[in-house]
**Q** 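Got a structure for you, questions after.
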Amino acid sequence: MSATILLQALLSGMTNGAIYALIAVGLTLVFGVMRVVNFAHGEFLMLAMYGGYLAWAHLGLDPIIAVVLVVPALLALGVGLFETLIRPAMRVPEINQMAVTLGLSLLLQYLALMVFKADNLLIVQDRSTASLWIGPVLLQMPQAIAALAAVLLLIGLYIVLRKTDFGLIMRAVSQSRDGAALSGIDIGRTYRWAMGIGIGTLGVAGPLMASVLYVNPHIGALFTLKAFVIVIVGGMGSFGGVLLGALLVGVAESVAGVLTTASVAAAVPFALLILVMLLRPEGLMPVGGGSRA
Amino acid sequence: MNRFLPAIVPSLLAAAIFAVCLGDPYFMEIFIHTALMGTISVAWNLMAGFTGLISLGHSLFFGIGAYVVAYGHIGFGLPPLVTWPLAVVLAAVMALAIGLLCFRYGLRGYFFAIATLAFSEVAFLLVSATPWLGRSDGMMMPSEDETLLYLQFLEKWPYGLMVLGFLAITLFVGQHLVSSRTGFYWRALRDNEGAAEALGVPAMRYKLIAFVVSAVLTSVGGAFFASTFAFVDPRSTLGVDLSIQLLVFSIIGGLGLLWGPLLGAALLIPLGELLRTAMGVGFNGVNIVVYAVLLMTLALLLPQGLGGWLKTRFPAMPRLGGKPIRQGDAVQ
């Protein structure tokens with residue numbers, strides 16, 4: 001294997017990693033604040049991808065512009081999800097919470113299958129085949145755009161969580177729910193916003209990814225699993241951990257794809273998770289040891 | 001009152017249903033599927049409902065059972081008499097290893113669930129990529145002349161009889177465990193692990209016992225699957241969907257009850273079959289949509305499941321080892 005191929009794998013692994021980070025950060029935000037793991041997280045990404053695709057196919061909107069429409073829709077879906085399912089789910093045992101979000105994941109997949117059929121859909125534009133040369137290696141344009149948007153949004157989220165009162169409230173609730181409530185923070189409202197933002201971030205990822213990857217009703221499940229792996233590898237609830245975990249997963253997957261078959265490469269993130277559990281079960285950047293979201 | 005009543009009553013009911021299905025191969029097939037899934041859900045629930053350990057990777061043990069039997073037959077011509085015990089040993093060793101790894105750090109709740117999921121996904125993806133295991137296409141087991149030795153029957157009912165035995169044994173083993181000291185330790189660990197340990201419950205040991213017993217029973221289910229259908233493939237024996245089904249049946253039937261998951265499977269599998277035939281081809285997803293809605297509704301409104309609800313409605317029903325999980329109970 002030549003150095004160029006390895007370099008190419010590293011670069012595409014890193015761009016994938018940036019996109020994975022954007023997907024996983026919503027999951028970790030919801031878990032950090034609410035202690036609920038949403039097994040339907042990927043299905044909301046799937047909906048956002050369909051949103052982007054439909055906006056392009058029927059309204060002729062560029063995915064970058066579609067983001068402006070899809071983000072509020074996903075934010076509303078997140079708030080709606082909290083009010084209808086998650087709020088009551090927080091009163092039942094954890095296993096029932098799992099059942100609720102797993103049920104939602106199945107429901108959304110099969111409703112999407114009925115509405116959109118099983119076809120693989122992709123946004124194809126002039127720039128779809130364009131690419132950037134970065135030194136000796138090549139970067140596909142749609143991928144570059146998605147990764148750039150992911151990095152920008154992650155920086156924005158980080159600033160909001162670290163520098164604003166809103167972020168302070170989020171962090172307070174994630175550190176101690178009762179303590180935050182005693183200080184006069186409206187917990188229900190914080191949960192609603194955490195869920196809204198956690199799902200809303202997928203509104204950025206979805207439309208941009210619809211020009212990178214074929215969208216079909218079952219695509220979400222794959223990303224839910226990857227996001228889990230990333231979040232645990234990085235340290236559940238930690239912002240920096242998500243970035244590190246996502247880059248590791250992206251690069252490991254991509255390098256393994258060059259060295260072995262696609263199926264083996266798909267197992268790499270899970271093998272990585274098992275390895276981290278063996279060597280460093282608290283995650284690479286555990287909450288409390290660094291910045292927390 | 002006989003403490004095995006909760007095992008005897010469902011076994012007799014299942015035997016009655018088996019007898020009714022005897023005349024019709026189609027119904028017998030549904031019976032086999034339902035009894036198999038119900039039984040491994042009971043095994044899964046020994047961990048989840050009684051010990052508070054939610055595994056989303058149980059397909060791994062089912063897959064071990066199925067693939068050891070299939071590969072043993074195809075690769076070496078080994079009969080089930082040899083491969084079934086082999087599968088059980090392998091599943092037990094695997095559960096012991098995964099359990100030691102997970103419990104060493106006190107992994108519980110979501111973390112344990114996702115860790116077990118990771119193990120089964122690695123197995124699923126690796127088997128899907130392995131040529132001598134048939135990749136994602138699976139493997140067909142050839143017909144043999146010694147039909148009895150290889151458990152190859154022309155008719156369906158011998159398989160129904162086998163799964164009926166498996167169901168009864170699982171219920172008896174389960175009931176024996178949950179009504180003994182082991183079961184009390186399990187429930188103590190489920191309700192408050194710290195307090196239980198402080199009182200001298202060896203947490204590691206009893207969680208491992210739950211994991212290994214559950215995995216072994218599940219691998220027998222997988223071995224049975226391979227012998228019955230003479231075919232294995234990664235999606236139906238190692239996929240996440242299988243593990244999720246165990247959770248679905250258990251939640252709907254009732255986590256706190258030994259026979260709860262059996263009830264869940266007995267309601268949902270025939271219902272799914274009914275919906276599938278009623279809707280016809282083209283509406284493949286309708287049964288899953290119904291599943292999903294039922295699951296969400298029951299998980300929220302009836303956390304103790306249908307079995308738990310029946311028990312509170314009819315308290316005269318036999319005491320069935322363990323209280324149903326109530327709303328507000330913390331299962332971590």
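Within every chain, numbering begins at 1; the chains are lettered A, B, ... in the order of the sequence lines, protein sequences first and strands thereafter.
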**Q** Applying the side chain to side chain contact (heavy atoms under 4.5 Å, CB included) criterion to Leu117(B), which one of Val229(A), Leu225(A), Leu273(A) satisfies it?
**A** Leu225(A)
**Q** Please report the shortest heavy-atom distance between Ala99(A) and Leu295(B), naming the atom on each side.
**A** O-CD2, 3.4 Å
**Q** Heavy-atom distances under 4.5 Å only: say whether Ile252(B) touches chain A with side chain, backbone, both or neither.
**A** neither
**Q** If I take atom CG from residue Leu300(B) and atom CG from residue Leu85(A), how far apart are they, to the nearest 0.5 angstrom?
**A** 6.0 Å
**Q** Which word best sums up how the rings of Phe31(A) and Tyr110(B) line up, parallel for under 30°, tilted for 30 to 60°, or perpendicular for over 60°?
**A** perpendicular
**Q** CZ/Phe270(A) to CZ/Phe124(B) distance, rounded to the nearest 0.5 angstrom?
**A** 10.0 Å
**Q** If I measure from the heavy atoms of chain A, does Leu294(B) come under 4.5 Å with its side chain, its backbone, both, or neither?
**A** neither
**Q** Please report the interatomic distance OG1(Thr116(B)) to CD1(Ile274(A)), rounded to the nearest 0.5 Å.
**A** 10.0 Å
**Q** Which distance, rounded to the nearest 0.5 Å, do you find between the CG of Leu106(A) and the CD1 of Ile244(B)?
**A** 6.0 Å
**Q** Can you tell me how far apart CD1 (Ile95(A)) and CG (Leu247(B)) are? Round to the nearest 0.5 Å.
**A** 5.0 Å
**Q** Is Arg104(B) atom CZ crowded by more than 12 heavy atoms from other residues, nucleotides or ligands, each under 6.0 Å away?
**A** yes
**Q** Chain A heavy atoms under 4.5 Å from Arg135(B): which part of the residue, side chain, backbone, both or neither?
**A** neither
**Q** How about CE on Met94(B), more than 12 heavy atoms from neighbouring residues, nucleotides or ligands closer than 6.0 Å, or not?
**A** no
**Q** Quick check for you: to the nearest 0.5 Å, what is the distance between Ile251(B) atom CD1 and Asn96(A) atom CG?
**A** 4.5 Å
**Q** Can you name the closest pair of heavy atoms from Met277(A) and Ala115(B) and give their distance?
**A** SD-CB, 3.4 Å
**Q** On a heavy-atom basis, which atom in Ala292(B) and which in Gly103(A) lie closest, and how many Å separate them?
**A** CB-O, 3.3 Å
**Q** Compare every heavy atom of Leu104(A) with every heavy atom of Met296(B), then report the nearest pair and how far apart it is.
**A** SD-N, 3.4 Å
**Q** Would you mind checking which part of Ala123(B) comes under 4.5 Å of any heavy atom in chain A, side chain (CB onward), backbone (N, CA, C, O), both or neither?
**A** neither
**Q** How close do Val122(B) and Ala267(A) get, counting heavy atoms only, and between which atoms?
**A** CG2-O, 4.0 Å
